[in-house]
Amino acid sequence: MSEPAGAATSPPQPKDENHSVVKAAGLIGLATFSSRILGFIRDMVLARLFGATAAADAFFVAYRIPNLLRELFAEGSMSAAFIPVFTEYHTLRSKQDAWELASAAFTTLLTIVTAITLIGILGAPWIAWLIGWGFHDDPGKLELTALLTRIMFPYLLFISLAALAMGVLNSMRAFAAPAFSPVFFNIFIIGCAFFLAPLMEQPILGVAIGVVAGGAAQFAMQLPGLHVRGMLFGLRFQPQHPGVKRIGMLMVPSLLGLSVTQINILVSTFLGSLFPGGPTYLFYGMRLIQFPLGIFGVALATAILPTLTAQAARGALDELRTTLGFGLRMIFFIILPAMLGLILLRQPIVHLFFEHGSFTKTDTVATATAVLCYAIGLWAFAGVRIIVSAYYSLQDTKTPAITAAVAVGANIVFSLLLMGPLGAPGLALATALASMLNGSILVGILNRRLGRVDWGSVGRSIGRVLLACIPLVGACLWVANAKVWTHEGQWIAKSVMLGVGIGLSVAGYLGVHGLLRSEELDVLLGIVKKKLGRAARTVAGG
């Protein structure tokens with residue numbers, strides 16, 4: 001009888017694991033950065049063409065429905081439940097066993113999500129009536145929301161299959177194709193907004209078609225990677241497969257766990273529809289928050305989950321605690337300065353990127369206020385993803401689900417309390433506060449269950465980060481108070497001002513870390529030097 005894969009090799013050392021996690025996160029972050037840049041261009045195009053009009057409100061409310069289901073059913077619970085089980089099969093069993101599990105999961109997912117999609121298409125008017133609560137006095141707006149919902153619901157099917165493909169590839173430490181696939185999603189939306197939308201009686205319908213086409217492209221892009229690794233899905237309807245049953249058992253409670261932020265955003269969308277322009281302001285505000293969160297927070301959480309899962313499968317809890325502490329230090333090293341930058345530069349950023357065409361100065365002020373309220377909780381949004389990854393690596397999806405339910409309840413209470421005095425931005429602040437509560441509860445429970453994580457090291461790292469942010473704050477205040485923002489036009493001067501300010505902020509921040517000899521900076525510089533050295537040897541060899 002042959003030994004399980006990996007049995008003959010010694011487990012990686014903690015420093016090697018940390019290096020591997022950061023390297024993978026860097027690749028994912030680079031890919032996500034490309035996607036976010038295109039996403040920014042996409043949002044600029046939509047803001048210019050549709051502003052905060054009734055059509056934009058209807059689109060963003062309708063898009064929230066399949067997007068929420070994607071987070072809950074696909075990228076959220078599916079990835080969190082599938083990766084630990086598939087990693088165990090791939091690590092401890094044969095390749096054939098792993099392929100059979102992947103194919104059985106694919107067929108089962110295809111069957112279930114197809115049924116959900118058909119129900120969603122048929123029930124679109126009722127779904128729109130429920131989620132677009134504030135549209136009831138405008139039948140035309142509500143009807144458009146229902147039509148957009150019906151068009152975009154198939155997006156759920158494609159993005160669910162794309163999430164499963166991503167789970168297989170990430171488990172095999174292949175991060176490039178899954179990370180770059182959202183680039184095609186944005187390309188299709190931009191293309192349809194420019195070329196298809198003008199041909200339609202209601203141009204916003206062309207954007208909705210682009211959403212579906214982009215989801216299909218995300219799935220298709222990952223198929224070659226699966227084929228190369230011998231994991232191209234086959235049709236095997238085996239819902240009773242032991243691995244599929246375990247995935248299902250892990251998915252049920254995790255439907256809330258990893259996606260608490262999206263559920264809270266859905267609550268905000270529901271209540272935001274009561275305010276003119278509310279859904280649009282909240283959408284663009286969260287888009288700016290998702291830029292650093294997606295590039296760094298999601299990238300690191302995606303990269304760290306397979307490592308944590310492998311450590312848990314070996315029973316190496318000391319290594320798991322070390323990796324978890326390192327992940328939190330790295331996330332705060334990047335997210336805390338990004339949070340301060342967004343808070344201080346929110347008005348210039350929204351003005352420069354979105355205040356064109358149909359997007360007015362009033363829209364800029366409202367969106368910037370939403371950015372402020374969301375950004376207060378950016379550290380919690382990112383930290384929760386890392387903490388939840390530790391729970392999922394231990395195949396515990398119940399605890400995050402329970403804490404998420406508490407956080408959702410708190411978000412509803414906070415929203416009802418804050419929407420009166422603050423309007424739509426109060427809903428963003430409620431989302432941030434609920435995420436902070438969720439993270440605090442998760443950390444408390446995990447610390448008792450897992451044993452002592454090196455919180456002292458995490459605290460010292462945060463202290464260095466805050467000290468290094470002093471020059472960053474100075475540079476951001478200088479940019480935000482510049483007179484150029486009070487002038488009409490002058491877009492080149494404004495772009496240069498913002499770019500110089502961000503450059504000075506980053507240079508000052510990293511400079512202080514260099515003086516403090518921060519380990520987090522040393523890890524990043526080590527990877528960069530290694531890549532540059534490899535590139536130089538390649539050029540020399542060529």
Side-chain angles (χ1 to χ4, degrees), residues 43 46-47 50-69 71-72 123-150 152 204 208 259-290 346 350 354 358-377 407-435:
D43 294 340
L46 296 181
F50 302 104
T53 60
D57 280 353
F59 173 81
F60 292 128
V61 168
Y63 178 63
R64 175 54 52 200
I65 299 162
N67 198 47
L68 168 73
L69 292 175
E71 290 285 340
L72 287 177
W126 292 276
I127 296 173
W129 184 89
L130 178 63
I131 196 69
W133 191 260
F135 299 168
H136 290 180
D137 294 334
D138 189 342
K141 196 173 182 179
L142 191 61
E143 183 179 347
L144 178 59
T145 303
L147 178 58
L148 289 167
T149 301
R150 181 166 283 149
M152 286 191 284
I204 197 69
S259 305
V260 61
T261 298
Q262 289 298 322
I263 296 173
N264 288 334
I265 293 172
L266 177 63
V267 172
S268 299
T269 303
F270 174 82
L271 297 174
S273 67
L274 299 170
F275 302 93
T280 300
Y281 303 144
L282 292 172
F283 175 82
Y284 286 125
M286 179 50 72
R287 287 294 299 164
L288 288 171
I289 296 301
Q290 287 174 338
R346 63 189 185 279
V350 175
F354 298 136
S358 300
F359 202 92
T360 66
K361 185 176 182 179
T362 301
D363 299 330
T364 293
V365 173
T367 302
T369 306
V371 171
L372 169 63
C373 294
Y374 276 133
I376 292 172
V408 170
N411 180 52
I412 295 173
V413 173
F414 291 147
S415 295
L416 295 175
L417 291 174
L418 297 173
M419 63 187 288
L422 298 179
L427 304 174
L429 180 58
T431 300
L433 294 174
S435 186

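Fair warning: this is a prediction, and the values are worked out from it, not measured in the lab.
Side-chain atoms of W129 and L142, non-hydrogen and from C-beta on, do get closer than 4.5 Å to each other. M419 places a side-chain heavy atom less than 4.5 Å from the side chain of L274. For the pair T280 and D363, the minimum side-chain heavy-atom distance is 4.5 Å or more.
Judged as a side-chain hydrogen bond (donor to acceptor under 3.5 Å, both in side chains), and not counting sequence neighbours, T53 has no contacts. Evaluation of the side-chain hydrogen bond (donor to acceptor under 3.5 Å, both in side chains) rule for T364 yields E355 as partners, not counting sequence neighbours. Remark: W126 engages no residue in a ring-ring contact (aromatic ring centres under 6.0 Å, His included) (not counting sequence neighbours). Residues meeting the side-chain contact (heavy atoms from CB on, under 4.5 Å) test with L422, sequence neighbours left out: L418, L429. Residues passing the side-chain hydrogen bond (donor to acceptor under 3.5 Å, both in side chains) test with T145, sequence neighbours excluded: none. The side-chain contact (heavy atoms from CB on, under 4.5 Å) search around A47 returns Y284, F354, F359, not counting sequence neighbours. For A124, the side-chain contact (heavy atoms from CB on, under 4.5 Å) partners at least two apart in sequence or on another chain are T149, R150. By the side-chain contact (heavy atoms from CB on, under 4.5 Å) test, R287 pairs with R36, R42, D43, F283, Q290, sequence neighbours left out.
The distance from the CD1 atom of I204 to the CG atom of L147 is 11.0 Å, given to the nearest 0.5 Å. With rounding to the nearest 0.5 Å, the separation of OG1 in T367 from CE in M286 is 13.0 Å. Of the inter-residue distances, the one linking T431 atom OG1 with L282 atom CG reads 8.0 Å to the nearest 0.5 angstrom. Once rounded to the nearest 0.5 Å, the distance linking OG of S435 with CD1 of I376 reads 12.5 Å.
Scanning all heavy atoms of the two residues, the minimum distance from A428 to C373 falls at CB-CB, 3.7 Å. Contact record, A424 with G278: CB-CA, 4.1 Å, taken as the closest heavy-atom pair. Closest heavy-atom contact between L271 and S415: CD1-CB, 3.6 Å. The shortest non-hydrogen separation linking A430 to F414 is CB-CB, 3.5 Å. Residues Y281 and P276 come closest through the heavy atom pair CE1-O, 3.8 Å. Smallest separation of non-hydrogen atoms from G272 and L427: N-CD1, 3.4 Å.
Note on residues 51-62: pairs passing salt bridge (Lys or Arg N to Asp or Glu O under 4.0 Å), not counting sequence neighbours, are D57-K141.
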